[in-house]
Amino acid sequence: MSRLQWEEGAAPTYAAGAAVTRPPGQPGDGRPPACGGRGSGTHNGLRGGTSEATPQSPDHRRDALSSEPPSAVLERTAALPAGGTGGVRRRWAPLLLATAAVVYNDWLPALVLPTGLDPRHSYVSELYAADQRFRLPFAALELAAAGLVVAAALPPGCRRGAERGKRAGWWCLVAFGVCSVADVVVPMRCAPSAEPGCEAVNPWHTATSALVHAALFASMTLLASGTGRSALRWVPVAALVTAVCTVGPLFGHPGWHGVVQRTHLVLVGVWLVLVGRGEGRGSGPSGRD
């Protein structure tokens, strides 16, 4: 190969710590001509040869990723931060639960309405008893609160990767909403605090109310466990104490249970707000501390 061909065909390549590369068979090379491929005697061989340090092409990287086992792909995906639709759902949870907290305290409008019920000595469920004047509006508020709770609790309950106990807590919150719907479907027949002949114990309504509280306190226990937030610990305790103090009329000892029950409902509202805030930040009740 002439000097002119060498200058036009293949420029010499340099590497750190390596000598100048000459065309195979060039005088002074000291090596026999190669048979082909890298270092072959043709110009294409000199140009097309690649060193081991050459970066892989995007096609090579895609081939390497596609050869990963499915388990490795799932682990790498689970390690990614929450975002996309998951982030949108997290942002909706605080709003839904905060709204549910306000609507759930539907005894507040009764303070300005002529219901005929004394809020100090009456159950809130008497507002939507079967024979009450404002039954439909208060029943609608109860149903709206239940729907908001279910809508907020379903996405984290179905979320993959969360702790099993936390997911169970969210499903208990869903059950709380469903049982609240049943509480409206089978209301009290009358208002015992305003009608002397009305019994405080209505078997079906008492049973659904018991289910509401069982689901509520199960969710509180499961979602509050393992969190370092003190409010998520004392609110369930205070809510349980106030709930127990409302059973007086069921045992023939009415009086002032309305005040305690309304305090209980406020505490439940505070709990819903705290759970929603924790879910919105992606910490605490969601199981991703």
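The cluster map of Ile, Leu, Val, Met, Phe, Trp and Tyr, joined by side-chain heavy atoms under 4.5 Å apart, puts Val178 and Leu223 in different clusters. Residues Leu154 and Tyr104 are members of separate hydrophobic clusters, defined by side-chain heavy-atom contacts under 4.5 angstrom among Ile, Leu, Val, Met, Phe, Trp and Tyr. No single ILVMFWY cluster, assembled from side-chain heavy atoms under 4.5 Å apart, contains both Val150 and Val212. In the hydrophobic cluster analysis, where Ile, Leu, Val, Met, Phe, Trp and Tyr join through side-chain heavy atoms closer than 4.5 angstrom, Val244 is grouped apart from Val260. Transitive grouping of hydrophobic side chains (ILVMFWY, heavy atoms separated by less than 4.5 Å) brings Val266 and Leu272 into a common cluster.
Within the 3.5 Å criterion, the main-chain N or O of Ala153 finds no donor-acceptor partner in the side chain of Trp170. Arg262 places a side-chain N or O within donor-acceptor distance of the main-chain N or O of Gly258, the cut-off being under 3.5 Å. With His121 contributing its side chain and Gly255 its backbone, the two residues share no donor-acceptor pair below 3.5 Å. The closest donor-acceptor contact from the side chain of Asn202 to the backbone of Trp204 lies at 3.5 Å or more, if one exists at all.
Heavy atoms only, all atoms of each residue included: Ala129 and Arg135 are closest at O-CD, 3.2 Å. The shortest non-hydrogen separation linking Arg167 to Pro156 is CG-O, 4.2 Å. What you find for Ser219 and Gly169 is that their closest heavy atoms are CB-O, 3.4 Å. Between Ala144 and Val103 the shortest heavy-atom distance is CB-CG1, 4.2 Å. For Phe138 against Phe134, the heavy-atom pair with the smallest separation is CD1-O, 3.1 Å. Closest approach of Leu267 and Ala239 over heavy atoms only: CD1-N, 3.7 Å.
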### Query
side-chain contact (heavy atoms from CB on, under 4.5 Å) between Asp106 and Glu142: does it pass, once the steps are laid out?
CA-CA 7 Å; Asp106 54 359; Glu142 289 282 332; 2.8 Å; yes
### Task
Applying side-chain hydrogen bond (donor to acceptor under 3.5 Å, both in side chains), run through Ser193 and Glu126 and close with a yes or a no.
CA-CA 8 Å; Ser193 65; Glu126 294 181 42; 2.6 Å; yes
### Task
Mind running side-chain contact (heavy atoms from CB on, under 4.5 Å) on Leu97 and Val273 for me, showing each step along the way?
CA-CA 6 Å; Leu97 289 176; Val273 171; over 6 Å; no
### Task
Evaluate side-chain hydrogen bond (donor to acceptor under 3.5 Å, both in side chains) for Trp107 paired with Asn105, printing each intermediate quantity in order.
CA-CA 5 Å; Trp107 56 272; Asn105 283 272; 3.0 Å; yes
### Query
Hey, mind stepping through Met220 and Leu240 against side-chain contact (heavy atoms from CB on, under 4.5 Å) and telling me if it holds?
CA-CA 10 Å; Met220 287 182 169; Leu240 177 61; over 6 Å; no
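Using a 4.0 Å cut-off between charged side-chain N and carboxylate O, Glu279 and Arg159 make a salt bridge.
If you take OG1 on Thr246 and NE2 on His257, they are separated by 8.5 Å, rounding to the nearest 0.5 Å. From Leu113, atom CG reaches atom CG of Leu127 across 9.0 Å, with rounding to the nearest 0.5 Å. Taking OG1 of Thr115 as the start and CZ of Arg133 as the end, the distance is 9.5 Å to the nearest 0.5 Å. Between Thr242 atom OG1 and Leu265 atom CG the span is 8.5 Å, to the nearest 0.5 Å. Taken to the nearest 0.5 Å, the CG atom of Leu222 stands 12.5 Å off from the CZ atom of Arg164. Separation of atoms CG (Leu216) and CG (Leu211) is listed at 12.5 Å; rounding is to 0.5 Å.
Between Thr208 and Cys179 the shortest side-chain heavy-atom distance does not fall below 4.5 Å. Proximity of Phe251 to Val201: side-chain heavy atoms (C-beta onward) are nowhere separated by under 4.5 Å.
Note: His264 and Phe217 have tilted aromatic rings, judged against thresholds of 30 and 60 degrees for the angle between ring planes.
No more than 12 heavy atoms of other residues, nucleotides or ligands shown are found within 6.0 angstrom of CD on Glu199. Shown here is Arg189, whose CZ atom has no more than 12 heavy atoms of other residues, nucleotides or ligands within 6.0 Å.
With sequence neighbours excluded, the residues forming a side-chain contact (heavy atoms from CB on, under 4.5 Å) with Ser125 are Tyr123, Tyr128, Met188, His205, listed by chain and number.
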